[in-house]
Protein chains: 2
Amino acid sequence: MPSNRAIRTRKDLLDAAGRLVRKGTTPSLEEIAAEALVSRATAYRYFPSAEAVLAEAAVEIGVPDPKTLFAGIGDDPAARVERVDTTMHDLSLAHEAELRLMLVQGLLRKPDSAVPARQNRRTPLIDAALEPARRQFKPAALANLRRALAFFIGTEAMIVAKDVLAIDDAEARKVKRWAIRALVEAAKSRS
Amino acid sequence: MPSNRAIRTRKDLLDAAGRLVRKGTTPSLEEIAAEALVSRATAYRYFPSAEAVLAEAAVEIGVPDPKTLFAGIGDDPAARVERVDTTMHDLSLAHEAELRLMLVQGLLRKPDSAVPARQNRRTPLIDAALEPARRQFKPAALANLRRALAFFIGTEAMIVAKDVLAIDDAEARKVKRWAIRALVEAAKSRS
DNA sequence: ATTGAAATGAGACGAATGTCTCATTACCTC
DNA sequence: GAGGTAATGAGACATTCGTCTCATTTCAAT
């Protein structure tokens with residue numbers, strides 16, 4: 001079992017990595033060690049590479065659980081999905097640098113790698129958003145809808161908006177709201 | 001002006017980089033030089049880094065021009081957008097490795113970098129697809145539609161499907177077709 | 001064939017990366 | 001407080017990356 005000191009050292013490294021990334025750099029493990037006030041050798045004892053630190057630091061970004069996320073909102077699926085999108089959008093903005101680096105990790109992983117694939121934090125939230133209105137949708141359409149929404153919600157959507165479309169934040173939110181409404185409506189059974 | 005020999009060397013390096021990337025590696029400039037049968041020094045004379053070679057190699061991936069892409073297809077906007085998506089999807093599959101590396105380049109570029117941002121190949125195609133039916137749409141909705149479609153068409157969409165949703169190719173195409181239909185319909189003025 | 005310039009190859013060099021060893025420090029138990 | 005173990009720091013070492021120099025090769029024009 002790791003000692004208190006070891007736990008603290010590990011945390012210091014993760015915190016230091018977060019600080020450096022937020023500052024806009026892509027730090028080496030040596031720089032992370034210096035920021036954390038530990039020696040280079042110690043840093044290499046805890047993490048094999050700077051990428052490993054960054055990847056783990058990004059995981060720390062908290063996604064709210066469905067319970068609190070949907071508190072005080074009705075059953076309207078579009079409104080609930082929009083709340084998911086707003087939350088994820090805010091998170092993407094607040095941690096853009098870390099998330100970009102995490103995305104890079106996923107993009108470069110070997111196709112046959114034994115390491116676990118990207119974790120998927122958005123699908124559970126999307127499903128929770130649609131759950132109360134499940135009966136309003138045609139089953140086949142619901143299967144399409146929950147996947148289609150994943151293209152608009154999350155880090156990749158931020159990348160498309162900023163790097164490809166080069167639109168500002170308000171515009172991106174507007175486009176996504178419009179699309180979410182359109183997709184949710186399209187999935188509803190004609191009533 | 002560059003001599004024929006220089007042009008050939010440059011091309012050899014780009015070809016070599018493409019071969020190595022397709023083999024699944026993330027080659028260093030030294031490895032690219034070896035594959036191209038030139039010395040390391042020569043490789044550094046033509047490109048400042050392996051990333052630069054890879055980025056330029058990715059640009060070579062040909063996107064068809066609208067003229068030929070829409071040959072023999074009617075004015076129906078959904079059908080035309082679907083053809084854009086099918087084409088881009090095929091391209092993404094055929095050049096997945098190169099495109100992943102190109103995406104990494106874009107993700108890591110400095111926010112205030114002087115280098116040109118990501119080139120956007122999909123928007124002109126989307127606009128060309130919607131052009132003949134422009135009158136069918138409400139102007140405000142058209143502005144949203146052309147941007148919303150960009151989230152489904154292109155490399156990032158492939159990443160979401162494979163890495164995040166972990167769905168197979170046929171399923172991805174199905175979801176995207178459904179979403180494209182839904183979005184195009186939603187943008188039409190009630191008639 | 002000869003000449004001259006462009007392109008190349010071989011290798012030295014400094015910086016950064018990752019691994020390893022060994023002495024020293026900090027912490028826990030008694 | 002003393003002793004033992006875990007954690008750390010300092011630095012040596014091999015490797016890779018990017019830059020540079022200089023001798024050699026290739027090519028085109030005569």
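Values in this document were obtained by computation on a predicted structure and should not be read as measured data. Within every chain, numbering begins at 1; the chains are lettered A, B, ... in the order of the sequence lines, protein sequences first and strands thereafter.
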Revision key, fill the gap. Among the nucleotides D/dT19, D/dT8, C/dT8, whichever has the atom closest to the side chain of A/T9 is D/dT8
Exercise for review: Would you kindly say whether B/T68 and B/D65 are connected by a side-chain donor-acceptor distance under 3.5 Å?
Suggested key: yes
Point to revise | Position toward the 5' end of DNA chain C (nearest nucleotide), A/A50 or A/R8 | key: A/A50
Exercise for review: Among the candidates D/dC17, D/dT26, D/dA10, find the nucleotide nearest to the side-chain atoms of A/A41.
Suggested key: D/dA10
Check your understanding: With respect to the side chain of A/A6, which nucleotide from D/dT26, D/dC17, D/dA7 is positioned closest?
Key -> D/dA7
Point to revise | Atom-to-atom span, CD1 of A/I32 to P of C/dT17 - whole angstrom | key: 10 Å
Review point. Atom CD of B/E31 and atom P of D/dC17: how far apart are they, to the nearest Å?
Key: 7 Å
Review point. Which one, C/dC20, D/dC17, D/dA7, comes nearest to the side chain of B/Y44?
Key: D/dC17
Check your understanding: Which nucleotide, D/dT8, D/dT19, C/dA6, lies nearest any side-chain atom of A/Y46?
Key -> D/dT8
Practice item. Starting at atom CG of A/L37, determine the distance to atom P of C/dT25, rounded to an integer number of angstrom. Key: 18 Å
Practice item. Identify the residue among A/R177, A/K174, A/K176 that makes a salt bridge (charged side-chain N to carboxylate O under 4.0 Å, His left out) with A/D85. Key: A/K176
Revision key, fill the gap. A/R45 has its side chain closest, among D/dC22, C/dT21, C/dT19, to C/dT21
Practice item. Would you classify A/F47 as touching base, sugar-phosphate or nothing, given that sugar-phosphate means primed atoms plus P, OP1 and OP2, and contacts are heavy atoms under 4.0 Å? Key: nothing
Check your understanding: Taking the side chain of A/T42 as heavy atoms from C-beta outward, which of C/dT8, D/dT8, C/dG18 is closest to it?
Key -> D/dT8
Review point. Looking at A/Y46, does the NZ or CZ of A/R10 lie under 6.0 angstrom from its six-membered ring centre and within 45 degrees of the ring axis?
Key: no
Review point. Contact class for B/S28 (heavy atom, under 4.0 Å): base, sugar-phosphate, or nothing?
Key: sugar-phosphate
Exercise for review: State whether the distance check finds a donor on one side and an acceptor on the other, under 3.5 Å, for side chain B/R40 versus base C/dG9.
Suggested key: no
Review point. Are side-chain heavy atoms of A/L183 and A/F152 found at a separation under 4.5 Å?
Key: yes
